[in-house]
Amino acid sequence: MILLQNILVDGTPKNLFIEGTRIRRILPYPETEGLIADETVDCTGKAAIPGFINMHTHGAMILLRGITEDVPLHSWLSRIWEMEARVDEDFIYWGTKLACLEMIRSGTTTYNDMYWFAPYGRQAALEMGIRPYISFVILDHFNKETAEKQRRKCMKLYEQSLDWSEASHLAMSVHAVYTVSEEMILWASQFAVDHGMKLHVHVSETEQENIDCRKAHGGLSPTEYLDSLGVLGPHVIAAHSLWLSDHDVEILGRHRVNCVHNINSNAKLASGYHFRYDELRDAGANICLGTDGASSSNNMDMLETMKTSALFQKAWRHDPARWPLHELMDAATVNGARALGLDTGEIREGACADLSIIDTDNSSFLSPGSFLANLIYAAHSDVISSVIAQGRFVMRNRVVEGEEEILTEARKVLKQIL
Ligand SMILES: [Zn+2]
């Protein structure tokens, strides 16, 4: 058992006991109720927050970061696809390790991934100690042979996943309506429903995607098209959900879809920024946050994502009250847990012990005002001193085990691909 002694939880000093992978007891400091810890960590001057849940990313794409800059999404995608033709298992393994390293250093303990060679990504994440929600990616480019191959591979991976432990999960990904045939969207959706899997899909990331979809599908937007196919529901994770009409918002809300905002990627690729947070929330959608791949957003930092999300929302609506602090924090934590069906995202007795320890002994936290405002708007992720994932320290005092090896191997992989 680990005791985080004298740690601030919601502003009050506590003794927080972790047993196995769970938070066992949270007591007012200095009470212990006679519980004996194997390890006591003095957390005076520190605060606990739930581990972030990055709800949309392409982990290993971090190795493609900075390769093409200052271009719109379609040119960016064609350059990325050219590079991805050379992606192999090693690339995924070391790329995911690097992504996990950056996620850990910025307080993420669970992430929802959409990328190739999923078992290698899974292996890397498990070794790093954080929880991967990986997926089999359907992307057939409307080619029947590719579709058939992907169906077979997907079924095989699903069979393998039956032996996986609780520490990782398999979802189904449909890349997008502009890259996947109707037949495969329907197949993937049915497979996901039949096997109780989440369905992860890019939806309305750009205005062009909407224009093309309306042309190809009798005037329907991507959301309307997916709705017409009957694939939407509370198990669906709709990445981006950016270019939405009132009707789209109503549909996503009615189906309790999980909508993931990826502002840094959207803003950087100039895809847009008018995310309809209030409307989606009020309609019944579950709003989460993601970084997208670091090849487009350039980092995996959820703290930065929270800040940028709020700034854009306040700015484009000319209203400083939009996206308040507590809702921002929920979008980065517990809403993701709800989307993935995980008992995490909160500092609560019985919940998974996924948390970050924040060092408040620095200038960012001098103000006696809101802790969350100091954390999200003033601090950077270097105030995260330690991270615990599933009851285990994955970073202690800013040190993540194996960092040097990851950097060395990632450099080697990059040399082969560039
Ligand atoms: Zn994406």
Side-chain angles (χ1 to χ4, degrees), residues 52-68 71-81 83-84 87 92 95-96 99 102-103 108 110-118 121 132-139 141 171-180 185 188 198-210 212-213 222-223 226 236-244 252 257-273 275 287-302 304-305 308-309 331-332 336 339-340:
F52 296 133
I53 302 181
N54 186 346
M55 279 298 293
H56 176 69
T57 190
H58 313 277
M61 284 186 90
I62 198 166
L63 288 176
L64 303 176
R65 167 164 63 191
I67 277 167
T68 176
V71 296
L73 181 71
H74 60 274
S75 333
W76 178 85
L77 262 181
S78 39
R79 175 77 176 119
I80 291 290
W81 282 343
M83 306 283 303
E84 279 186 333
V87 161
I92 299 299
T96 306
E102 288 202 8
M103 282 193 271
T108 290
T110 299
Y111 70 103
N112 185 35
D113 204 38
M114 184 196 282
Y115 213 45
W116 309 113
F117 301 105
Y133 221 105
I134 61 158
S135 49
F136 186 88
V137 186
I138 302 287
L139 201 166
H141 285 298
M172 178 72 80
S173 279
V174 165
H175 178 264
V177 298
Y178 60 92
T179 46
V180 183
I185 295 176
K198 308 296 174 196
L199 183 67
H200 188 182
V201 54
H202 289 108
V203 178
S204 288
E205 179 175 359
T206 61
E207 190 178 24
Q208 193 60 46
E209 176 182 335
N210 281 18
D212 295 344
C213 184
T223 299
L226 292 170
V236 172
I237 296 161
H240 300 291
S241 311
L242 189 60
W243 288 85
L244 303 178
L252 293 168
V257 168
N258 307 286
C259 298
V260 189
H261 187 35
N262 300 269
I263 186 64
N264 285 333
S265 168
N266 298 152
K268 189 156 179 292
L269 292 169
S271 303
Y273 55 88
F275 181 65
I287 318 290
C288 308
L289 294 177
T291 60
D292 209 349
S295 47
S296 58
S297 68
N298 292 53
N299 70 28
M300 311 288 286
D301 192 326
M302 289 289 285
E304 188 183 286
T305 298
T308 320
S309 300
L340 297 175

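Numbering of ligands and ligand atoms starts at 1, following listing order.
- Counting heavy atoms from C-beta outward, Trp243 and Asn210 have side chains that approach closer than 4.5 Å.
- Residues satisfying the ring pair (Phe, Tyr, Trp, His ring centres under 6.0 Å) criterion with His74, sequence neighbours excluded, are absent altogether.
- Within 6.0 Å of OH on Tyr273 lie no more than 12 heavy atoms contributed by other residues, nucleotides or ligands.
- For Phe275, the ring pair (Phe, Tyr, Trp, His ring centres under 6.0 Å) test picks out His261, with sequence neighbours left out.
- For the Zn ion (ligand 1), the nearby protein N/O/S atoms, meaning those under 2.8 Å, are His56 NE2, His58 NE2, His202 NE2, Asp292 OD1.
- Contacts of Ser75 classified as side-chain contact (heavy atoms from CB on, under 4.5 Å), with partners at least two apart in sequence or in another chain: Val71, Pro72.
- With a 4.5 Å cut-off on side-chain heavy atoms, His58 and Ser295 do not count as touching.
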